2 protein chains.
Amino acid sequence: MPTIKDIAEKLNISYSTVSLALRDSPKVKKKTLKLVKQTADEIGYRPNCIARSLVLQKSILVAMITPDISSPFYARIVEGAEAACRKKGYNMLICNTNWDPKWEEKHLNLILERRIDGAVIAPCKIKNDYLDKILSAKLPIAFVSSQYPHKDKDNLIFRGADNIEGGYLATCFILKKKQKAIAFIGGSINSVSLVHRMEGYYMGIDEADFPRENVYTYTGDFSQNSGYENSLKALHEHPEITCLICLNDLIAMGALKASRETGRKVPEDIGIIGYDDTYLASLDAVQLTSVYQPKYQMGYEAMNKLLDRLESDEENEPLSKLLHCKLSIRNSV
Amino acid sequence: MPTIKDIAEKLNISYSTVSLALRDSPKVKKKTLKLVKQTADEIGYRPNCIARSLVLQKSILVAMITPDISSPFYARIVEGAEAACRKKGYNMLICNTNWDPKWEEKHLNLILERRIDGAVIAPCKIKNDYLDKILSAKLPIAFVSSQYPHKDKDNLIFRGADNIEGGYLATCFILKKKQKAIAFIGGSINSVSLVHRMEGYYMGIDEADFPRENVYTYTGDFSQNSGYENSLKALHEHPEITCLICLNDLIAMGALKASRETGRKVPEDIGIIGYDDTYLASLDAVQLTSVYQPKYQMGYEAMNKLLDRLESDEENEPLSKLLHCKLSIRNSV
DNA sequence: CATTTTTTTTCAAACGTTTGAATTGACCTT
DNA sequence: AAGGTCAATTCAAACGTTTGAAAAAAAATG
């Protein structure tokens with residue numbers, strides 16, 4: 001592949017001049033500039049980003065770390081982040097952790113070694129030693145979806161939805177109608193956002209004076225299958241349940257299936273409410289009532305803020321911002 | 001950030017030795033090796049991939065270009081590709097083209113400049129001048145999903161499903177039952193795979209001696225909404241239609257909605273068949289019969305083959321491989 | 001025409017690695 | 001004691017850029 005030197009030799013000028021010319025420096029004579037660009041085209045010259053990165057000490061490369069890029073929730077966040085990158089001319093590395101902290105660590109290490117300029121991360125665990133280490137290593141990081149508890153918390157970029165609000169909206173809504181018993185389906189408490197969400201759920205429950213002994217909890221992971229099995233179990237152990245509160249839409253899909261299989265009609269016999277309001281919920285065949293989170297916006301703003309920080313030090317709006325949830329009411333409650 | 005030189009100075013040895021030691025060269029005394037690694041740990045040394053890439057002339061970085069990473073079809077392909085990268089220790093850049101050849105070109109250019117080692121691409125257009133240029137620039141590229149027509153075709157890596165077979169399976173299946181009229185919904189012919197798919201569809205139609213004048217075609221894009229609108233139009237213009245053949249699952253979702261809204265029951269009054277067999281089709285609430293493509297496998301194998309080629313020149317299995325489709329029969333026909 | 005000023009070009013070091021060739025020093029042979 | 005072998009280390013160039021400082025060339029000034 002041709003280099004700057006090749007152009008220089010061909011034109012019999014120094015390669016400093018070529019370098020300057022290629023970047024439209026006003027220092028170089030217009031005639032030379034044109035000549036340089038022309039021969040660059042001719043021999044098919046491409047700037048070498050690697051060399052450039054080495055001297056400039058930045059890579060114009062940024063990473064996005066998510067637990068599961070194939071989930072409709074994270075996919076939408078990734079989309080937003082990608083859009084922000086595209087707009088600013090950055091490239092984005094995508095790293096899937098599969099909910100495994102080991103892989104999260106591995107990816108973060110690689111990011112450090114690649115001298116990536118920064119990363120947006122949707123952490124898969126509430127707290128991590130290596131995340132602390134990375135944060136003290138001053139690698140610019142933005143958190144999305146889940147806030148990270150860190151001593152220097154006020155200096156962290158974060159975009160996520162108000163999960164307390166989201167949970168609160170959900171239980172308020174379902175308890176407007178009379179419920180005999182309700183159950184939470186899915187989600188082990190391993191992230192801050194879930195803790196908040198539960199807090200919100202219970203706020204609504206207490207406010208409606210619904211007896212806590214009629215609230216059951218079934219923990220599991222975030223998959224459709226886990227939702228299915230836990231719902232079956234719940235409906236079997238407590239047939240009086242009139243509403244399944246699912247910790248995301250995928251789980252709700254499983255709950256829908258379980259309800260139907262046990263001969264219950266939705267929403268007549270049982271209510272089901274999801275969380276995230278992914279496009280699954282909006283499918284005509286599904287029509288799931290769900291708590292909307294501004295996923296795209298979260299991804300976009302987190303990345304955008306990160307890139308802002310990379311490019312200048314002036315900060316205008318706050319680093320951390322909690323976005324509002326709202327209820328997408330459809331036909332499952 | 002500390003460098004090799006820092007370690008060398010601290011230990012009063014040359015930095016060549018440090019470099020060797022860090023990579024476990026047998027040339028360096030065990031005692032020194034241990035000492036080097038220890039101090040590297042102490043001062044928090046991280047190898048600098050950029051410098052390394054510059055001298056080694058490779059970046060251990062690979063790109064995946066897709067039209068739409070948020071579509072369940074491509075997302076699954078990306079997952080497969082990502083898995084292959086992870087296994088071999090490569091990082092993957094993800095590039096979204098949004099079905100826009102302009103962005104495809106831009107991404108390819110950046111890939112060239114970044115000295116990315118290679119790319120897997122799911123092209124958004126049947127033919128492109130700049131893709132030709134890139135191919136002659138000898139950047140290792142693997143095609144996935146859509147085959148690319150190129151003079152040096154036999155030397156291209158490709159993994160995709162047999163779309164002729166897939167289309168054939170679909171029409172054979174629906175024509176086992178009696179149909180009055182059928183319609184194709186969605187998809188403009190801009191990719192080789194679609195051409196093949198249509199060929200397959202018609203193979204089945206002709207084999208069943210179904211009259212071609214009872215076959216209608218409605219073109220559009222690949223979105224749910226396009227599926228919805230085209231289906232409405234089709235059912236309005238030709239109420240006798242008894243089956244909608246959708247060019248992907250998203251379109252089928254729209255068709256499902258349109259059918260329901262016009263008071264038709266699925267599958268009693270109208271049959272709907274999708275393509276790709278994404279997890280949308282498998283949702284309990286949806287139960288869409290669809291043509292399965294091995295998406296994950298396509299992504300995985302394309303990337304894997306690409307990485308193989310990057311690491312050695314020996315080729316054992318063929319570069320290009322057409323995978324089999326099969327019918328996932330559910331409850332919509 | 002000699003000076004000064006301005007424009008344009010070149011020099012050379014730097015970024016952090018890798019690596020073939022050269023060097024050093026220890027130990028063994030004869 | 002000279003020569004040879006081997007292990008361990010060091011030298012120095014290379015990868016392809018950028019950039020402040022120096023130099024050269026051109027233009028303006030008196």
Side-chain angles (χ1 to χ4, degrees), chain A residues 1-37 39-40 43-61 109-117 137 139, chain B residues 1-37 39-40 43-61 89 91 109-117 137 139:
Chain A
M1 222 175 212
T3 75
I4 273 191
K5 286 195 186 172
D6 295 322
I7 302 180
E9 267 164 34
K10 196 154 181 190
L11 255 40
N12 240 6
I13 57 179
S14 80
Y15 55 91
S16 327
T17 310
V18 178
S19 169
L20 292 168
L22 287 172
R23 276 164 306 127
D24 290 304
S25 163
K27 282 175 166 182
V28 8
K29 218 198 321 185
K30 271 183 212 145
K31 210 179 91 194
T32 339
L33 195 142
K34 219 169 111 190
L35 216 57
V36 166
K37 294 211 159 190
T39 40
I43 65 173
Y45 167 80
R46 300 275 178 172
N48 182 326
C49 275
I50 297 186
R52 197 155 199 277
S53 293
L54 188 60
V55 44
L56 257 36
Q57 303 274 63
K58 59 181 171 178
S59 57
I60 317 292
L61 204 57
N109 276 332
L110 232 75
I111 282 175
L112 237 38
E113 298 189 355
R114 283 201 183 284
R115 302 303 194 263
I116 299 284
D117 294 337
L139 176 75
Chain B
M1 216 167 218
T3 73
I4 274 192
K5 285 196 187 173
D6 296 320
I7 302 180
E9 267 164 35
K10 197 155 182 192
L11 256 40
N12 241 5
I13 55 180
S14 80
Y15 55 91
S16 326
T17 310
V18 177
S19 170
L20 292 169
L22 286 172
R23 277 166 303 127
D24 290 305
S25 163
K27 281 179 171 180
V28 10
K29 218 194 328 181
K30 273 182 208 145
K31 213 179 91 192
T32 341
L33 195 143
K34 219 169 110 190
L35 215 58
V36 167
K37 293 212 162 186
T39 39
I43 65 174
Y45 167 80
R46 299 277 177 169
N48 182 327
C49 276
I50 297 186
R52 194 155 202 277
S53 294
L54 189 59
V55 42
L56 256 38
Q57 301 274 63
K58 60 183 170 178
S59 57
I60 316 292
L61 203 58
N91 268 147
N109 277 332
L110 232 74
I111 281 175
L112 238 39
E113 297 189 356
R114 282 203 183 283
R115 304 301 195 262
I116 299 284
D117 294 338
L139 177 73

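Chain naming here is simple, since letters A, B, ... match the order of the sequence lines and numbering starts at 1 in each. Treat the numbers as computed from the prediction; the structure is a model and nothing was measured.
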Along nucleotides 22-27 of chain C, 5' to 3', which nucleotides get a B, which get an S, and which get a -, given that the test is a protein heavy-atom distance under 4.0 Å?
------
Tell me what A:Lys29 touches on the nucleic acid: a base, only sugar-phosphate, or nothing, going by heavy atoms under 4.0 Å.
sugar-phosphate
Report which part of the nucleic acid A:Ser16 touches: base, sugar-phosphate, or nothing (heavy-atom distance under 4.0 Å, all strands).
base
Pick the closest DNA chain C nucleotide for A:Val28 and for B:Pro47 by heavy atoms, then say which residue is nearer the 5' end.
A:Val28
Give the minimum heavy-atom separation between B:Arg115 and A:Arg46, together with the two atoms involved.
NH2-O, 3.2 Å
Out of D:dT10, D:dA8, C:dT17, which nucleotide sits closest to the side chain of B:Thr17?
D:dT10
Could you check which of D:dT18, C:dG16, C:dT18 has an atom nearest any side-chain atom of B:Thr3?
C:dG16
For DNA chain C, what string of dots and brackets results from 5' to 3' when Watson-Crick and G-U pairs need both distances under 3.5 Å, crossing pairs get [ ], and pairs with another strand get |?
||||||||||||||||||||||||||||||
State which of C:dT9, D:dT18, D:dC15 makes the closest approach to the side chain of B:Leu54.
D:dC15
For nucleotides 23-28 of chain D, read 5' to 3', which letter fits each nucleotide if B means a protein heavy atom sits under 4.0 Å from the base, S means only the sugar-phosphate is that close, and - means neither?
------
Given C:dT18, D:dC15, D:dT19, identify the nucleotide with an atom nearest to the side chain of A:Arg23.
D:dT19
Got a second to check how far A:Ile111's CD1 is from A:Asp117's CG, nearest 0.5 Å?
11.0 Å
Between B:Leu20 (CG) and D:dC11 (P), how many Å, whole number?
13 Å
Hey, does A:Ile13 reach any base, or is it just sugar-phosphate, or nothing, if we go heavy atoms under 4.0 Å?
sugar-phosphate
Classify A:Thr32 by what it touches in the nucleic acid, base, sugar-phosphate, or nothing, heavy-atom distance under 4.0 Å.
sugar-phosphate
Regarding B:Ser14 and B:Thr17, do their side chains bring together a donor and an acceptor under 3.5 Å, going by distance alone?
yes
Any luck finding a side-chain donor-acceptor pair between B:Arg114 and A:Asn48 under 3.5 Å?
no
Measure the CG-CD1 distance between B:Asn12 and B:Ile7 for me, rounded to the nearest 0.5 Å.
14.0 Å
Name the closest nucleotide to the A:Tyr15 side chain, picking from C:dT17, D:dT18, D:dT9.
D:dT18
